[in-house]
Colleague: 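Okay, here's the structure, questions in a sec.
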Amino acid sequence: MIALASDHAGYELKEKIKEYFEGNGIGYIDCGAFSPESVDYPLIAKTACEKITAGECEKGILCCGTGVGISIAANKFKGIRAAVCYSEDVARLVRVHNDANVLCLGGRVTGSETAAKLVDIFLNTTFDGGERHRRRIGQMEGIENCEL
Ligand code: RB5
C-alpha cells in the first residue's frame with residue numbers, strides 16, 4: 001500500500017498519479033489534499049508519514065510545488081527517508097543506495113508522464129542491501145551518537 005499526498009501545488013500531479021495507480025492496480029491511500037485549496041505541506045507530510053511509520057503503508061509518494069518542502073518535512077520523521085527526484089537515474093539510485101521509502105515530486109516542475117516514470121522506477125527498484133549502505137542508513141538513524 002502506498003501513501004499518496006500533496007499540498008495545493010502538488011494536487012494536480014497527485015490526482016494524475018492516482019489515475020496511474022488505478023490503471024496499474026497499485027493500492028494507495030489518499031492522505032489529501034482533497035482539493036486545490038491552499039494547505040500547509042508539513043501537515044500533509046505528517047499524515048502520510050504516520051501511515052508509513054505505523055506500518056499501514058510501505059512507501060509514500062508526496063507532491064508539493066518543487067518536492068523540496070514536503071521532503072524536508074517528511075525527513076523529520078524517524079524511519080522516513082524521503083528523496084526529491086527529477087530524473088530516472090536519481091529515482092533508481094535513491095532506492096538502490098539510500099533505501100528511500102518516500103519519493104517527493106514537484107507539481108510545478110515535473111510533468112505527469114515523467115512523474116509516472118519516476119514513480120514506476122521508485123516502486124520497482126530494490127535496495128542493494130550492501131553492508132556500506134546499511135551502515136550509512138544506520139548512522140542517519142542515530143546521527144547524534146555517531147562520530148567520524
Ligand atoms: C507552496 O506554494 C509551495 O511553497 C510548496 O508547494 C513547496 O513547493 C515548498 O517547497
Side-chain angles (χ1 to χ4, degrees), residues 1-128 133-134 136-144 146:
M1 192 64 66
I2 308 299
L4 179 62
S6 75
D7 72 354
H8 52 288
Y11 177 75
E12 244 181 71
L13 184 59
K14 173 175 73 75
E15 294 301 299
K16 292 281 184 195
I17 295 169
K18 256 164 86 167
E19 285 172 22
Y20 173 80
F21 281 171
E22 279 160 21
N24 289 278
I26 298 168
Y28 66 89
I29 298 175
D30 187 346
C31 303
F34 300 108
S35 83
E37 291 297 301
S38 182
V39 62
D40 296 337
Y41 57 79
L43 308 181
I44 289 288
K46 180 176 184 191
T47 307
C49 289
E50 284 177 347
K51 299 246 181 285
I52 300 169
T53 56
E56 213 179 315
C57 292
E58 161 204 339
K59 291 193 179 77
I61 310 287
L62 307 184
C63 309
C64 67
T66 58
V68 173
I70 208 158
S71 74
I72 295 172
N75 278 315
K76 300 290 180 193
F77 293 85
K78 197 163 180 62
I80 297 296
R81 292 175 300 283
V84 188
C85 295
Y86 296 149
S87 81
E88 295 184 17
D89 279 347
V90 176
R92 187 175 56 79
L93 285 168
V94 301
R95 289 290 308 128
V96 174
H97 286 197
N98 312 117
D99 198 16
N101 51 9
V102 172
L103 170 66
C104 300
L105 298 168
R108 290 178 177 157
V109 293
T110 299
S112 57
E113 279 181 27
T114 301
K117 188 70 196 158
L118 299 180
V119 167
D120 183 55
I121 292 168
F122 181 79
L123 295 182
N124 292 300
T125 303
T126 51
F127 175 46
D128 171 296
H133 297 311
R134 288 187 184 281
R136 291 162 188 165
I137 289 167
Q139 287 167 350
M140 289 190 283
E141 287 295 323
I143 193 68
E144 302 81 3
C146 292

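Remember, it's 1-based here, ligands and their atoms both numbered in the order they're listed.
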Colleague: I'd like to check the side chain to side chain contact (heavy atoms under 4.5 Å, CB included) partners of Gln139; sequence neighbours left out, ordered by chain and number.
Modeller: Arg135, Arg136, Cys146
Colleague: Checking Pro42 now: which residues fulfil side chain to side chain contact (heavy atoms under 4.5 Å, CB included) with it, not counting sequence neighbours?
Modeller: Asp40, Ala73
Colleague: Show, in sequence, the C-alpha distance, side-chain angles and deciding distance for Glu37 and Tyr11, and conclude whether the side chain to side chain donor-acceptor pair (under 3.5 Å) test is met.
Modeller: CA-CA 9 Å; Glu37 291 297 301; Tyr11 177 75; over 6 Å; no
Colleague: Report the distance from atom CG of Leu4 to atom NZ of Lys14, rounding to the nearest 0.5 Å.
Modeller: 6.0 Å
Colleague: Is Arg95 salt-bridged to Asp128, going by a charged N under 4.0 Å from an acidic O?
Modeller: no
Colleague: Which donor-acceptor pairs under 3.5 Å do the side chains of residues 48-62 make with protein atoms, sequence neighbours left out?
Modeller:
residue, atom, partner, partner atom, Å
Thr53, OG1, Cys49, O, 3.2
Thr53, OG1, Glu50, O, 3.4

Colleague: Report all protein residues having a heavy-atom distance below 4.0 Å to some atom of ligand 1; order the list by chain, then number.
Modeller: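 Contacts of ligand 1 under 4.0 Å: Asp7, His8, Ala9, Tyr41, Cys64, Gly65, Thr66, Gly69, Arg108.
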